[in-house]
Amino acid sequence: MEQAVGSVLLAARDYDLAATLTSGQVFRWRRHEDAWLGVVAGHWIQLRQVPIGIQARVINPQACLPGLTNYLQLTVDLNSILTTFPDDEPMRAAVAACRGLRLLRQDPWECLASFILSSTKRILQIQQIVGLLCERFGHPVAAPPAFGPAFSFPGAERLARVNEADLRACKMGFRAPYLLAAAQSVAEGRLDLERVRTFSLDQAREALMNLPGVGRKIADCVLLFAYGYPSAFPIDVWVENALQSLYFPRRRATTRHLQRFSETHFGPNAGYAQQYLFHYIRTVLKGGSDLK
DNA sequence: AACCAGGACACAA
DNA sequence: TTGTGTCATGGT
């Protein structure tokens, strides 16, 4: 299983790897010394922030690099996105605090399954659940022996054949039947995740929300983090509190009003703005008293 | 040791 | 439409 490791330097400006990998859009990366270990598209990968960009260590560079470049969205010019954000005080503060935070482009199935498991769970626990799921149902991937075994994210076809009890053993509780149903729906072709790419935002959201356990919020996470619909704007409890306290501090706004506000106020890259707000309130404001 | 977590859903009013 | 109880599980 152990082969030569290739090291590649990926040029990237304005890229905060740590913020990106810990901002709750992905759950498979863990810090190891000054680097990050993860598995992308079935390949073991080590990433390290360096002055001119990102150093990647992979087993087979020519097999991994195209997918990794897309995953990290290395060709995206961050500045051209940030300039579309509204010029208001909350966004200025969020950008000042989180500059370099990026949106990844994830695999739809892994993203969908992960966020089905995310409901009313802390990010740390989501990481645990996803880790167990990969250990038990993924397949081992080639990795340097010093880093221990690594596992791929199990495909829908695999998970469609397990039983609910085995999923519950991964500590996912009441989410188990939701994940199983989603896996079966994808495996049987009732939901074609590749075809969703060709859908309009509303069509794609409707297709995902057809699944049990997938509501507006989880659907929007997948639309933003996997499919890259730039205006998908997931509103969870953190973002809702942020919108309420930062933009409507006087009067109480309903969830529906906040949803409508998010669709008009944040511009063409509203989803990106959402990620900045989310990470900002969680790391800088730490969900402080005026946000709750 | 209670409390609560990147929600969704069924059900009430 | 808008408001509540419920669903597992474990970290703090």
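Residue numbering restarts at 1 for every chain, and letters A, B, ... go by the order of the sequence lines.
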Distance check, [atom1] atoms only: [N] and [M], in whole angstrom units.
N: C:dA8; M: B:dA10; atom1: P; value: 15 Å
N: B:dG6; M: C:dT4; atom1: P; value: 22 Å
N: C:dG5; M: B:dC4; atom1: C1'; value: 16 Å

Spacing of [X] atom [atom1] relative to [N] atom [atom2], expressed in whole Å:
X: A:Leu117; N: C:dA8; atom1: CG; atom2: C1'; result: 12 Å
X: A:Leu167; N: C:dA8; atom1: CG; atom2: P; result: 14 Å
X: A:Ile116; N: B:dG6; atom1: CD1; atom2: C1'; result: 14 Å
X: A:Glu240; N: C:dT2; atom1: CD; atom2: P; result: 12 Å
X: A:Ile129; N: C:dA8; atom1: CD1; atom2: C1'; result: 9 Å
X: A:Phe174; N: C:dG5; atom1: CZ; atom2: P; result: 17 Å
X: A:Gln127; N: B:dG6; atom1: CD; atom2: P; result: 11 Å
X: A:Leu179; N: C:dA8; atom1: CG; atom2: C1'; result: 15 Å

Under 3.5 Å donor-acceptor pairs involving side-chain atoms of residues 131-153 of chain A, not counting sequence neighbours:
{"unit_1": "A:His139", "atom_1": "NE2", "unit_2": "A:Ser152", "atom_2": "OG", "d": "3.1"}
{"unit_1": "A:Ser152", "atom_1": "OG", "unit_2": "A:His139", "atom_2": "N", "d": "3.0"}
{"unit_1": "A:Ser152", "atom_1": "OG", "unit_2": "A:His139", "atom_2": "O", "d": "3.4"}

Fit a plane to each ring of A:Tyr247 and A:His265, take the angle between them on a 0 to 90° scale, and name the class: parallel (under 30°), tilted (30 to 60°) or perpendicular (over 60°). perpendicular
Qualifying side chain to side chain donor-acceptor pair (under 3.5 Å) pairs, either residue in residues 217-228 of chain A, two or more places apart: A:Arg205-A:Asp220, A:Arg216-A:Asp220
Has A:Arg30 got more than 12 heavy atoms of other residues, nucleotides or ligands less than 6.0 Å from its CZ? no
NA contact type, A:Phe225, heavy-atom cut-off 4.0 Å: base, sugar-phosphate, or nothing? base
Under 4.0 angstrom, heavy atoms only, what part of the nucleic acid is A:Ser23 near: base, sugar-phosphate, or nothing? base
Once base and sugar-phosphate atoms are separated, protein heavy atoms under 4.0 Å mark nucleotides 8-13 of chain B, 5' to 3', with B, S and - as SS----
Tell me whether A:Trp238 and B:dG6 count as stacked here, given that the ring centres must be under 5.5 Å apart and the planes must differ by less than 30 degrees. no
Does A:Ala176 offer a backbone N or O that forms a donor-acceptor pair with the side chain of A:Arg168 under 3.5 Å? no
Counting distance only, does the side-chain N/O of A:Gln244 pair as donor-acceptor with the main-chain N or O of A:Asn241 below 3.5 Å? no
Might you list the N or O atoms of the protein lying below 3.5 Å from N or O atoms in nucleotides 9-12 of chain C, with each pair's distance?
{"unit_1": "C:dT9", "atom_1": "O2", "unit_2": "A:Lys121", "atom_2": "NZ", "d": "2.3"}
{"unit_1": "C:dG10", "atom_1": "O4'", "unit_2": "A:Gln125", "atom_2": "NE2", "d": "2.8"}

What I want to check is whether an N or O donor and acceptor connect the side chain of A:Gln275 with the base of B:dG6 at under 3.5 Å. yes
Using residues 63-70 of chain A as the side-chain source, report each donor-acceptor pair under 3.5 Å to any protein atom, sequence neighbours left out, with the distance given to one decimal.
{"unit_1": "A:Thr69", "atom_1": "OG1", "unit_2": "A:Leu65", "atom_2": "O", "d": "2.9"}
{"unit_1": "A:Asn70", "atom_1": "OD1", "unit_2": "A:Gln73", "atom_2": "NE2", "d": "3.3"}

Hydrophobic cluster identity match, A:Val26 and A:Leu74, side-chain contacts under 4.5 Å: yes
Just list the side-chain donor-acceptor pairs under 3.5 Å for residues 34-43 of chain A, sequence neighbours left out, or say none.
{"unit_1": "A:Asp34", "atom_1": "OD1", "unit_2": "A:Arg48", "atom_2": "NH1", "d": "2.5"}
{"unit_1": "A:Asp34", "atom_1": "OD2", "unit_2": "A:Arg48", "atom_2": "NH1", "d": "3.1"}

Are the aromatic ring centres of A:Phe248 and A:Phe261 under 6.0 angstrom apart? yes
